[in-house]
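Below you'll find the structure, written out as structure tokens, and then a few comments.
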Amino acid sequence: MTVLDDIRAEMTADPSNAWARELGYEPLYIADARARVLIISQAPGRLAQETGVPWNDPSGRLLRSWLGLTDAEFYDPANVAIVPMDAYFPGKAASGDLPPRRGFADRWHPPILEQLTEVRLTILIGAYAQRHYLGPGTLTENVRNAASFLPYFPIVHPSPLARGWRSKNPWFDEVTVPLLSAEVAAALSATPAD
């Protein structure tokens with residue numbers, strides 16, 4: 001058992017997650033001490049939770065194209081860690097999914113991230129992750145100025161619900177996505193820290 005295994009066991013057994021255990025949900029995140037890219041997003045979607053595979057949907061395919069990664073590269077835990085703001089599917093809302101639970105990231109991110117000592121780039125997907133790690137600021141401002149936040153890299157969620165945002169902000173696909181894929185490639189080619 002590693003420290004990361006212990007954290008997962010604690011999370012699974014935590015009383016605040018009893019509802020998820022009753023539904024048969026396991027905490028859905030990928031954390032490996034060798035990972036060099038960290039993705040922090042909202043929470044798993046229904047399909048991801050049911051299959052046990054994060055980003056297992058059209059949004060995930062688009063995300064992998066933005067990152068410049070194949071499925072095999074993306075799901076290699078030595079490359080990419082995926083630690084959402086909530087490790088459980090929160091349920092459906094009128095439009096999209098419910099937000100991640102308050103306090104989940106405050107409780108569980110510090111012990112997990114402390115173990116991810118090789119991370120060179122942290123991709124913050126969506127407003128919840130950006131608010132938590134970057135503080136105040138709009139999603140558009142954050143994403144437009146992504147390079148100024150390195151080693152954090154804020155991006156819009158690749159959900160179909162964000163198509164309108166992307167059509168109003170064509171610079172994202174033209175400028176930000178190529179920069180993102182270059183930063184991912186650089187992080188993955190970095191040698192491990194001594």
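Nothing fancy with the numbering, it's 1 onward along the sequence. Keep in mind the model is a prediction, meaning the values are calculated, not measured.
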#### Entry: Distance in Å, Asp57 CG paired with Ser159 OG, rounded so as to fall on 0.5 Å steps
8.5 Å
### Query
Quick check: does any side chain N or O of Asn145 sit under 3.5 Å from a backbone N or O of Ser148, one acting as donor and the other as acceptor?
no
### Task
Identify whether NZ of Lys or CZ of Arg in Arg46 sits under 6.0 Å from the centre of the six-membered ring of Phe89 and within 45° of that ring's axis.
no
### Task
Scan Ile30, Asp32, Leu69 and name whichever one has a side-chain contact (heavy atoms from CB on, under 4.5 Å) with Val80.
Leu69
### Under 3.5 Å donor-acceptor, Asn79 side chain and Glu73 backbone
yes
### Message
Quick one: does any side-chain atom of Gln49 pair with a main-chain N or O of Glu26 as donor and acceptor, under 3.5 Å?
### Response
yes
### Query
Leu139 and Tyr128: same hydrophobic cluster, using ILVMFWY side-chain contacts below 4.5 Å?
no
### Summary
Heavy-atom nearest pair, Gly52 first then Leu28, reads O-CD1, 3.3 Å
### Message
Closer than 3.5 angstrom, by distance alone: can the side chain of Arg144 be matched with the main-chain N or O of Thr140 as a donor-acceptor pair?
### Response
no
### Task
Check whether any side-chain heavy atom of Tyr133 lies under 4.5 Å from a side-chain heavy atom of Thr122, and answer yes or no.
no
### ILVMFWY cluster, Leu113 and Ile82 together (side-chain gap under 4.5 Å)
no
### Message
Would you say the ring centers of Trp165 and Trp171 fall short of 6.0 Å from each other?
### Response
yes
### Message
Looking at every non-hydrogen atom in both residues, tell me the closest pair between Ile7 and Pro111 and how far apart they are.
### Response
CD1-O, 3.4 Å
### Task
Kindly work out whether a path of hydrophobic side-chain contacts (I/L/V/M/F/W/Y, heavy atoms less than 4.5 Å apart) joins Leu63 to Val83.
no
### Query
Looking at Glu10 and Arg8, does any basic side-chain N land under 4.0 Å from a carboxylate oxygen?
no
### Message
Determine whether Trp66 and His157 satisfy the following criterion, ring-ring contact (aromatic ring centres under 6.0 Å, His included), listing intermediate values before the conclusion.
### Response
CA-CA 11 Å; Trp66 290 351; His157 197 286; 8.7 Å; no
### Message
Keeping Tyr75 on the side-chain end and Pro54 on the backbone end, is there a donor-acceptor pair under 3.5 Å?
### Response
yes
### Query
How long is the span from the CD atom in Glu174 to the CG atom in Leu179, to the nearest 0.5 Å?
14.0 Å
### Task
Validate the cation-pi geometry between Arg21 and Tyr25: distance from NZ or CZ to the six-membered ring centre under 6.0 Å, angle to the ring axis within 45°.
no
### Summary
Separation between CD1 (Ile155) and CG (Leu67), nearest 0.5 Å, reads 6.5 Å
### Task
Answer with yes or no whether the hydrophobic clustering places Leu62 together with Val175; edges join I, L, V, M, F, W, Y residues whose side-chain heavy atoms lie under 4.5 Å apart.
no
### Query
What pair of heavy atoms forms the shortest contact from Ala43 to Pro90, and how long is it?
CB-CD, 3.8 Å
### Task
Would you name the heavy atoms of Leu116 and Ala81 that are closest together and state the gap between them?
CD1-CB, 4.0 Å
### Message
Any non-hydrogen side-chain atom of Met11 less than 4.5 Å from a side-chain atom of Tyr88?
### Response
yes
### Query
Mind checking whether Phe74 and Thr70 have side chains closer than 4.5 Å, heavy atoms only?
no
### Message
Taking side-chain contact (heavy atoms from CB on, under 4.5 Å) as the definition, give me every residue that meets it alongside Arg102, ordered by chain and number, with sequence neighbours left out.
### Response
none
#### Entry: Ile39 and Leu124: CA distance, side-chain angles, deciding distance, side chain to side chain contact (heavy atoms under 4.5 Å, CB included) verdict
CA-CA 6 Å; Ile39 294 173; Leu124 302 173; over 6 Å; no
### Message
Once rounded to the nearest 0.5 Å, what's the spacing between atom CZ of Arg64 and atom OG of Ser59?
### Response
10.0 Å
### Query
Hey, is the main chain of Asn56 close enough, under 3.5 Å, to the side chain of Arg61 for a donor-acceptor pair?
no
### Task
May I ask whether Trp108 and Val3 are part of the same hydrophobic cluster, defined by side-chain heavy atoms of I, L, V, M, F, W, Y residues being less than 4.5 angstrom apart, directly or through others?
yes
### Task
Can you measure from CD1 (Ile40) to CE (Met85) and round to the nearest 0.5 angstrom?
7.5 Å
#### Entry: Shortest non-hydrogen contact between Pro77 and Arg34, atoms and distance
CG-NH2, 4.3 Å
### Message
Does Val37 form a side chain to side chain contact (heavy atoms under 4.5 Å, CB included) with Arg120? I'd like the steps, not just the answer.
### Response
CA-CA 6 Å; Val37 173; Arg120 302 291 180 264; over 6 Å; no
### Query
Do any N or O atoms from the side chain of His132 and from the backbone of Ala127 form a donor-acceptor pair under 3.5 angstrom?
no
### Task
List for me each residue that meets side-chain hydrogen bond (donor to acceptor under 3.5 Å, both in side chains) alongside Ser181, sequence neighbours excluded, and say none if there are none.
none
### Task
Show your reasoning for whether side chain to side chain contact (heavy atoms under 4.5 Å, CB included) applies to Ile125 and Gln42.
CA-CA 7 Å; Ile125 301 178; Gln42 183 169 315; over 6 Å; no
#### Entry: Stepwise side chain to side chain contact (heavy atoms under 4.5 Å, CB included) test for Ile123 and Val184
CA-CA 9 Å; Ile123 301 165; Val184 169; 4.0 Å; yes
### Message
For the CD atom of Gln115 and the OG1 atom of Thr2, what is their distance to the nearest 0.5 Å?
### Response
7.5 Å
### Task
Using a 4.5 Å cut-off on heavy atoms from C-beta on, say whether the side chain of Ile112 contacts that of Tyr29.
yes
### Query
Which heavy atom of Pro84 sits nearest a heavy atom of Ala87, and at what distance?
CG-CA, 4.0 Å
### Pairwise side-chain contact, Lys92 with Asp97, heavy-atom cut-off 4.5 Å (strictly under)
yes
#### Entry: Side-chain H-bond candidate by donor/acceptor type, Arg101 with Asn17, under 3.5 Å
yes
